[in-house]
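Throughout, protein chains are lettered first and strands after them, A, B, ... in sequence-line order, and every chain is numbered starting at 1.
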Amino acid sequence: MKKVVIENAVVIKRDRLNGDCRSLTIGNFPKSRLLKPGQFVHIRIPGPDVYFRRAFSVYDINPRAKSLQVIFKIVGRGTALLAELRKGDRLNVMGPLGKGFDFPFLRDKVILIAGGIGMPPIYFLAKKLIESKYDRRKILFFYGGKTKKELVNMAHIRKLGIKLYPTTDNGSYGFRGFVTKAVREFLNTETGQFRIYACGPQAMLRAVEEIARKYSIPGQISVEAPMPCGMGICQGCVLPLVSGGYTRVCRDGPVYQFGEVLL
Amino acid sequence: MKPDLSVVIGGIKFKNPIWTASGTCGYGEELAEVFDLSRLGGMVTKSITSNPREGHPPPRTTETVSGMLNAIGLANVGVDRFIKEKLKFLERFNTRVIVNVAGAKLQEYVEVCAQLADCPRADMVELNFSCPNVEAGMAIATNASLAEKTVSEVKKVFPRPVIAKLSPNVTDITQIAKACEAGGAEALSLINTLIGMAVDIETFRPRLTNNTGGLSGPAIKPVALAMVHKVYKAVKIPIIGLGGIRNYLDVIEFLLCGARAVQIGTALFVEPETPIKIIRDLEKYLSRKKIENIQELVGQLRIY
Ligand SMILES: Cc1cc2nc3c(=O)[nH]c(=O)nc-3n(C[C@H](O)[C@H](O)[C@H](O)COP(=O)(O)OP(=O)(O)OC[C@H]3O[C@@H](n4cnc5c(N)ncnc54)[C@H](O)[C@@H]3O)c2cc1C
Ligand SMILES: Cc1cc2nc3c(=O)[nH]c(=O)nc-3n(C[C@H](O)[C@H](O)[C@H](O)COP(=O)(O)O)c2cc1C
């Protein structure tokens, strides 16, 4: 029955990315191979005044090195402390947690939409699709940020050999405007059997679902909510369901079908 | 020689005094993915009510210094589904199951406990007289004669031991404790959460939609210890202590203050394996101190 592991892991690499974003590669996590796109790890951040663990989507794994990578943005006390960790520092990691993305049909054209720090799970999905022999030419990656500074690790995405559509709200890089506007314009000229996967701010996810409804495209979103336990016990991270009642984001999500949660 | 961790409460033997607290271990399904529940002395399931409850709108929880505020609003599957699915799931584990029951009024406690009477897997019931997040819960929590009456009515329908779980949000907790003892409770558990508030200074709004919530975690341990000790001196029935326990040192403090067993709550959210570590560390401590049975520690506090 044991499915979730809790490890005293170790920082093996840390990188400062654009703006307030950081990357941490975490080693000594033997079960990293079990981590699926859309799933997350719950990290205990050593330091004062940070009581709960913090949730981070998996950005990448290296099963042979027993490591995983997360990318995060400094938004508060916990992430500020996390940014101070150095190579060799210990940190306690729990996972795999949550439900990941369902894979598309092989024939589908896959539209990936990432907004800001919602990029990590979308990148991981793209990478796993390619490893699973999905056709690179059928995977399109829309990646939006407020400014160029918010777009990180573009080189990684480019290396996947898929079509990348960067967008910025102010036009400082790529398409000018919301990422969902770029998707809409794309869909106005393209035809085919599509499937969409998206992660980003709530307003973006709402716009994505609107597009999906208009064009009748199936797909999934990954949502977030502050989570105390991350395992489905406390019922603290709930969101309302369209069908009524609440869903525990940490356990029933964080990935949902379009139209499932009330955004 | 391996020290003896077992304790007896209400005539029922527990392999060790480490239980998990109501609302912090669900119905066991999730925690079972982390460790074998059979290693626990006991497990107190999430409060159940007659009918399913969805709970309060989010946000329901917020982090505070050394703890958290919660206003889940007693979200639960209701007693029918609890018996059919959740108790059934717990059958495979060799641990004591204590079913926590909440109600809007006396009659609801009695009805739910009557249904549980026919379920041998429910080794005991714990009456949640203390949930600060639903108004009715507080009525019984703060009214000694109503608490006594509720216990005695439940005793008429439930054939196994009954625990009353007490609220710290009262002027004198010993009055309620004595009333529950008089009503026939075999044990008392304390404390439930303390009423608290957190405010968002940008929006001028409370951080919980319920406005207030229950404070738990390490922040409340000193309050819990003081109350356990006060109640220990006031009643004869065993006390199960809880509030902010993180490690075996905390557990020993509770035992010295008079608790015969303890429950681990919020700590499970941060370190789900806490109970397992505590059991292991308690064995080491007892061996080192050459204490044969953990019960020898209960109430051994040397007050000034
Ligand atoms: C499943 C999941 C996956 C996530 N993946 C990533 C990721 O890959 N990269 C990344 O940078 N962030 C991710 N997050 C968000 C991340 O957990 C929060 O940014 C982090 O918890 C903030 O901690 P803090 O102590 O720095 O901020 P705090 O001081 O706690 O809060 C700062 C601000 O962040 C908000 N916040 C706090 N916790 C969360 C939370 N869990 N979710 C949303 N908002 C929160 C608070 O309301 C506040 O506005 C994810 C969240 C979830 C639930
Ligand atoms: C999220 C959450 C939910 C809880 N739900 C219940 C409940 O349903 N019934 C109950 O009697 N106590 C409930 N409690 C209270 C705990 O059982 C316990 O009394 C309290 O949290 C103090 O212990 P702790 O500091 O170790 O967590 C809940 C506590 C938390 C944090």
S.K.: Among the options Pro52(B), Pro218(B), Gly28(B), pick out the one with the most heavy-atom pairs lying under 4.5 Å from chain A.
M.R.: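 Heavy-atom pair counts peak at Pro218(B).
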S.K.: Can you tell which part of Met94(A) gets under 4.5 Å to a heavy atom of chain B, answering side chain, backbone, both or neither?
M.R.: side chain
S.K.: Looking only at heavy atoms, which of residues 244-252 of chain B get nearer than 4.5 Å to chain A?
M.R.: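 Hits under 4.5 Å: none found.
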S.K.: Between Lys13(A) and Asp15(A), is there a salt bridge with N-O shorter than 4.0 Å?
M.R.: yes
S.K.: Salt bridge or not for Glu63(B) and Arg207(B), using N-O below 4.0 Å?
M.R.: no
S.K.: Are Gln257(A) and Asp102(A) close enough, and set up right, to give a side-chain hydrogen bond (donor to acceptor under 3.5 Å, both in side chains), and what steps lead you there?
M.R.: CA-CA 9 Å; Gln257(A) 307 292 341; Asp102(A) 296 335; 3.3 Å; yes
S.K.: Please determine, among Ala75(B), Cys25(B), Pro58(B), the option with the most heavy-atom pairs under 4.5 Å with chain A.
M.R.: Pro58(B)
S.K.: What part of Tyr246(A) is in contact with chain B, defined as an atom under 4.5 angstrom from a non-hydrogen atom: side chain, backbone, both or neither?
M.R.: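 Just its side chain gets close to chain B.
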S.K.: Side chain, backbone, both or neither: which part of Pro57(B) has a non-hydrogen atom closer than 4.5 Å to chain A?
M.R.: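 Both backbone and side chain of Pro57(B) come within 4.5 Å of chain A.
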S.K.: Which pairs with one or both residues in residues 220-240 of chain A pass ring pair (Phe, Tyr, Trp, His ring centres under 6.0 Å), sequence neighbours excluded?
M.R.: none
S.K.: Can a salt bridge be assigned to the pair Asp200(B) and Arg205(B) using a cut-off of 4.0 Å between side-chain N and carboxylate O?
M.R.: no
S.K.: Rounded to the nearest 0.5 Å, what's the gap from CG on Leu37(B) to CD1 on Ile276(B)? Could you check?
M.R.: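 That separation rounds to 8.5 Å.
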S.K.: Please report the closest heavy-atom contact between Ser47(B) and Asn128(B), naming both atoms and the distance.
M.R.: OG-ND2, 3.1 Å
S.K.: Might you point out which heavy atoms bring Cys237(A) and Ala225(A) nearest each other, and give the distance in Å?
M.R.: O-CB, 3.7 Å
S.K.: Parallel, tilted or perpendicular, judged at 30° and 60°: which one describes the rings of Trp19(B) and Phe14(B)?
M.R.: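 The arrangement is parallel - the two ring planes meet at less than 30°.
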S.K.: Who among His42(A), Met231(A), Gln235(A) has the most heavy-atom pairs with chain B under 4.5 Å?
M.R.: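 Of the candidates given, the most pairs with chain B belong to Gln235(A).
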